[in-house]
There are 2 protein chains.
Amino acid sequence: MKPKIDDVAKLAGVSPTTVSRVLNNRGYISDRTKEKVQKAMSELNYFPNDVARSLFNKRSNLLGVILPTTANPFFGELTFHLENISAAKGYKMLVCNSLNRIDKEEKYLEMLLRNQVDGIIVGTHNRGILDYHKQNLAVVAIDRYLSETIPVVSSDNYEGGKIATDLLVSQGCKNIVLIDGIGDLETPARLRRKAYEEIMEELGLRPIVYEIPEVFDRESQAKVIAKLFKEYPDVDGVFATNDIFAASFITMAKKMGRDVPGQIKVIGYDGTESVQSFLPELTTIQQPISTIAEIAIELLLKEIEGEFQDIPLETRLPVKLLKGTTA
Amino acid sequence: MKPKIDDVAKLAGVSPTTVSRVLNNRGYISDRTKEKVQKAMSELNYFPNDVARSLFNKRSNLLGVILPTTANPFFGELTFHLENISAAKGYKMLVCNSLNRIDKEEKYLEMLLRNQVDGIIVGTHNRGILDYHKQNLAVVAIDRYLSETIPVVSSDNYEGGKIATDLLVSQGCKNIVLIDGIGDLETPARLRRKAYEEIMEELGLRPIVYEIPEVFDRESQAKVIAKLFKEYPDVDGVFATNDIFAASFITMAKKMGRDVPGQIKVIGYDGTESVQSFLPELTTIQQPISTIAEIAIELLLKEIEGEFQDIPLETRLPVKLLKGTTA
DNA sequence: CTGAAAGCGCTTACAG
DNA sequence: CTGAAAGCGCTTACAG
């Protein structure tokens, strides 16, 4: 069996209270006692049981993160940063892949509450459904508005959409199409689309939007893009609101014998490490993923500590144009 | 404050014991009592505290996973599957990104032990360092030999290496170079290299291996590949032991004005969803990621349940050639 | 069919 | 400087 605090106490010839004290570096303990206890601990290979500690302290040092799927490079990278930053601050991370499904999200939320997480980072889209605040739990959202009181961290989506659209326009594209996912209309990521639509209208051009219903399914992407080519054969510029859609479009364009960027310019969004490795020629808007993670954790820890005063409700981080050769 | 079992008991006019019984569906309870209790629970919005339950049950239903980084698409996808399968079986997942650093790995292992995880999935390379078995904890390794007694699940690396090398040879390549990571010599993934070396030697060709020291760093990859081009300008075939290296090579080849596959054929390894989206033209050996995850969890749960009899020490899953246009 | 008591492995006032 | 007692929120024999 695993040794417990009583075993250590017995071996060291002290009380469990004293062992707990050296464990927590709390109160006065003579050096001699401390040494005895530490010797006993290492002899028994003792590690304190954090479950018991959490129960008493009402603090689990556990964070939950709910996102669509770590299989998507953006979220895979985000998870890496969130976890790494949390670990450095003494928190552990329970990861939940909801695939944007509300039923899963609700189950995960309940699971996290039962497990007494100290806070949750949410990167999925279901506004309102999850009554986070009622539980008065620390929550930070990434790129999603969850309620009036939950802080949101995101890249500057409007600016990103503007840079992308402006770039296509400045390169002489006349028939610029947006490829977007289906989602909540009130998500900050929709600002990418909003910027596109507003700029197009300002220029007297008609905004054309194609929506991909099953965001993570290549078939679904291909189907919509095929439709796009059929209905708008004269497309000469594409802004995809994520790099996977951009890549799908380029693949399809090649199949159709269209030259990118010769006949069609393409620009994506996200700029993950993965896309930089696999498709470095893609021109894209890069999100500052590690900064997003840093700030999200920072705000969450503030909430956990009860420092609500200096928590901005919205943080928009600057994006960067990664100039490849596709636009 | 969060309601606890006593609050529910009081509201329902029963004892905590009875509430616990309806919670766990255990022992006889009259329908009327059950209803009263359930009504009280929903009225109070009560969720049991799993920390307290874990403490008593000596079962956390927590699994730990230690891997290099979810930022790498292979591990991002693996994590997604591991987590999803675990969730379906009632387990939660603590994710640890070790970046292959031994110090981090040790810290994470201790953290997981303190948190009383029921089992651990390990996808990092540090053989022996972690005395998993001494703690007699349920452990399953993915693509790593950790000790004589820890079951390993992997793709059929030798077969994958063979398919890749054979393909290059059959396409007439004479100067075939392997690009590999640096790592433990005894990891199953090394069988990819072994297959390459053996086939080359059988054919009277000289195996040439380039090792990338900082696996996740594009700079490091670029440096080694530049060296490769300098030392072996007549390279006409490349087998990269992962798709990121393959992509890096292709990118560099383009920069050098070499045509792939015209002058150099390239084949990678992994075949993730990401690479299929971003670089579908890459010919690669696809690992059955979801099956690896399924079997790893299945074996881990068996260990947790104490069913050691039918746990194979090594499981090699079939790979599949994804024929693109680069080889 | 239901409840009082003890205990899971810790920690923290409170004494001394 | 150190220890005995109570309690964190549950569950499970044991009675009744």
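Chain letters run A, B, ... following the sequence lines, proteins first and then strands; every chain starts at 1.
As judged by a 4.0 angstrom heavy-atom cut-off over every strand, B:Ser54 is placed among residues making no nucleic acid contact.
Salt-bridge check for A:Lys39 with A:Glu35: failed, with every basic side-chain N at 4.0 Å or more from each acidic carboxylate O. Salt-bridge formation is not detected for the pair A:Glu43/A:Lys10: no Lys NZ or Arg NE/NH1/NH2 atom is positioned less than 4.0 Å from an Asp or Glu carboxylate oxygen. Using a 4.0 Å cut-off between a side-chain N of Lys or Arg and a carboxylate O of Asp or Glu, B:Asp6 and B:Lys4 do not qualify as a salt bridge.
Sparse packing is recorded around NZ of B:Lys34, with 12 or fewer heavy atoms of other residues, nucleotides or ligands lying under 6.0 Å away.
Under the side chain to side chain contact (heavy atoms under 4.5 Å, CB included) test applied with B:Met93, the options B:Asn84, B:Val65, B:Ile85, B:Val117 reduce to a single match, B:Val65.
Counted by atom type alone, A:Ser15 and A:Thr18 present one or more donor-acceptor pairs between their side chains at under 3.5 Å.
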Base-pair map of DNA chain D as dot-bracket, where | denotes pairing with a different strand and pairs are Watson-Crick or G-U under 3.5 Å: |||.||||||||.|||

Sequence-aligned protein contact record of nucleotides 6-16 of chain D, with B where the base is within under 4.0 Å of a protein heavy atom and S where only the sugar-phosphate is: -BBBSBBB---

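Judged by distance alone, the side chain of B:Glu77 and the main-chain N or O of B:Glu273 form a donor-acceptor pair under 3.5 Å.
Atom C1' of nucleotide D:dC1 and atom NZ of A:Lys36 are separated by 12 Å, given to the nearest angstrom. For the pair A:Tyr28 OH and D:dG3 C1', the interatomic distance rounds to 18 Å; values are reported in whole Å.
Side-chain N/O atoms of B:Thr18 include none lying less than 4.0 angstrom from OP1 or OP2 on C:dC1.
Applying the side-chain hydrogen bond (donor to acceptor under 3.5 Å, both in side chains) criterion to A:Arg53, with sequence neighbours excluded, gives A:Asn24.
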